Asker: 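Shown below is the structure under consideration.
In this text, all values refer to a predicted model and were calculated from it rather than measured experimentally.
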Amino acid sequence: MAQSVRHDLDSEMGTKVKKAMKNLKRATTNKPSEDADFLSLEGGPVCKQPEQKLLKNTATVLYVGRIPHGFYEKEMEGYIGQFRTIKKLRIARNKRAGKSRHFGYIEFE
């Protein structure tokens with residue numbers, strides 16, 4: 001009985017579907033080209049990445065955020081000054097009241 005059902009299904013499949021299945025099998029067995037943009041799982045050709053140049057760190061200004069109340073210029077200079085020489089230190093302040101806006105910039109030599 002099971003074979004008769006399978007035979008009925010095979011006869012219902014059109015010739016176009018069978019050809020499509022054969023083409024699909026052929027397409028999946030082809031090896032990837034040499035210029036593939038992906039890494040092969042089978043150890044085939046690999047896309048070579050261009051070498052990246054190391055950038056020289058020339059930035060001398062550091063942004064400092066979330067500065068707590070009471071940690072102002074003198075305290076900041078005393079703390080950060082033990083690591084590097086400070087050229088300029090600026091904590092942003094409110095124009096009217098002069099209160100700290102809790103962020104600042106430190107420029108190093």
Asker: Any side-chain hydrogen bond (donor to acceptor under 3.5 Å, both in side chains) pairs touching residues 64-75, not counting sequence neighbours?
Answerer: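 Checked against side-chain hydrogen bond (donor to acceptor under 3.5 Å, both in side chains) - neighbours excluded - the pairs reaching residues 64-75 are His69-Tyr72, Glu73-Arg93.
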
Asker: Name each donor-acceptor pair under 3.5 Å that joins a side chain in residues 96-104 to protein atoms two or more places apart or in another chain, with its distance.
Answerer:
unit_1	atom_1	unit_2	atom_2	d
Ser100	OG	His102	N	3.0
His102	ND1	Ile67	O	2.8

Asker: Verify the cluster assignment for Val64 and Val61: are they in a single hydrophobic cluster under the rule of side-chain heavy atoms below 4.5 Å apart?
Answerer: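 No, because Val64 and Val61 fall into different hydrophobic clusters, even though each may have its own neighbours under 4.5 Å.
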
Asker: How long is the straight-line distance from CG of Leu62 back to CD1 of Ile80, given to the nearest 0.5 Å?
Answerer: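 Between atom CD1 of Ile80 and atom CG of Leu62 there are 7.0 Å.
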
Asker: Going by side chain to side chain contact (heavy atoms under 4.5 Å, CB included), name the residues that satisfy it together with Glu109, two or more places apart in sequence or in a different chain.
Answerer: Thr85, Lys87

Asker: Listed by chain and number, what are the salt bridge (charged side-chain N to carboxylate O under 4.0 Å, His left out) partners of Glu77, not counting sequence neighbours?
Answerer: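 For Glu77, no residue satisfies salt bridge (charged side-chain N to carboxylate O under 4.0 Å, His left out) once neighbours in sequence are set aside.
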
Asker: For Lys88, check salt bridge (charged side-chain N to carboxylate O under 4.0 Å, His left out) against everything at least two apart and list the hits.
Answerer: none

Asker: Please enumerate all residues that pass side chain to side chain contact (heavy atoms under 4.5 Å, CB included) together with Phe83, with sequence neighbours excluded.
Answerer: Tyr79

Asker: Measuring only between side-chain heavy atoms, which start at C-beta, is Phe71 closer than 4.5 Å to Ile91?
Answerer: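 In short, these two side chains do not touch, never coming nearer than 4.5 Å.
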
Asker: Please list, chain by chain and in numerical order, all residues satisfying ring-ring contact (aromatic ring centres under 6.0 Å, His included) with Tyr105, sequence neighbours excluded.
Answerer: Tyr63

